[in-house]
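Source: prediction; values computed, not measured.
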Amino acid sequence: MQLSPIAPIGTAVITVLIGLSGFTLRRSLLSKLFAIDVAATGVVTLFILVASRTGVASPIVVDAQFVDSYIADPFPQGVILTAIVIGFSVEALALVLLRHMAREHPLLRVDDFDNEVVEPWP
């Protein structure tokens with residue numbers, strides 16, 4: 001039995017939807033951050049699946065006479081790799097900020113920050 005080519009794309013879309021629903025339904029900021037990471041993983045997977053093609057050669061040209069039209073484009077791979085690195089660094093920064101916020105609000109619930117009274121700067 002061979003899988004349909006739609007199945008991996010459907011799985012990536014479901015992963016994005018799970019992340020977005022977790023972001024909207026959870027009340028904890030840490031859970032929201034992890035839900036955003038799940039959605040970002042689904043988006044990266046979706047981009048990889050859409051950009052991938054079978055039967056293409058690597059973009060290493062040894063002899064210019066035999067340049068084939070079926071050479072893979074390295075640009076989408078570079079963009080996805082950059083997106084993964086930037087996403088990881090943003091998540092690390094968000095975890096540090098959440099750790100700092102947890103000193104005053106240990107549960108990190110959204111409701112705690114909505115009801116907080118901010119005093120004016122002296």
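The heavy-atom pair separating Ala94 from Leu33 by the smallest distance is CB-CD1, 3.6 Å.
Under the 4.5 Å side-chain contact rule for hydrophobic residues, Val44 and Val38 do not share a cluster. Linking Ile, Leu, Val, Met, Phe, Trp and Tyr residues whenever their side-chain heavy atoms come within less than 4.5 Å leaves Ile80 and Leu49 in two separate clusters. Hydrophobic clustering of Ile, Leu, Val, Met, Phe, Trp and Tyr side chains at less than 4.5 Å, counting indirect connections, keeps Val43 apart from Leu46.
Rounding to the nearest 0.5 angstrom, the gap separating the CG atom in Leu95 from the CG atom in Leu29 is 11.5 Å. Once rounded to the nearest 0.5 Å, the distance linking CG of Leu93 with CZ of Phe88 reads 12.0 Å. Atom CG of residue Leu81 and atom CD1 of residue Ile48 lie 9.5 Å apart, to the nearest 0.5 angstrom. Rounding to the nearest 0.5 Å places CZ of Arg27 at 4.5 Å from CG of Asp111. The distance from the CG atom of Asp37 to the CZ atom of Phe23 is 13.0 Å, given to the nearest 0.5 Å.
Counting heavy atoms from C-beta on, the side chains of Lys32 and Val110 come closer than 4.5 Å.
Shown here are the side-chain hydrogen bond (donor to acceptor under 3.5 Å, both in side chains) partners of Arg26, two or more places apart in sequence or in another chain: there are none.
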For residues 5-15, please give each side-chain donor-acceptor pair under 3.5 Å, one per line with the distance, not counting sequence neighbours.
from	atom 1	to	atom 2	distance (Å)
Thr11	OG1	Ala7	O	2.8
Thr15	OG1	Thr11	O	2.8

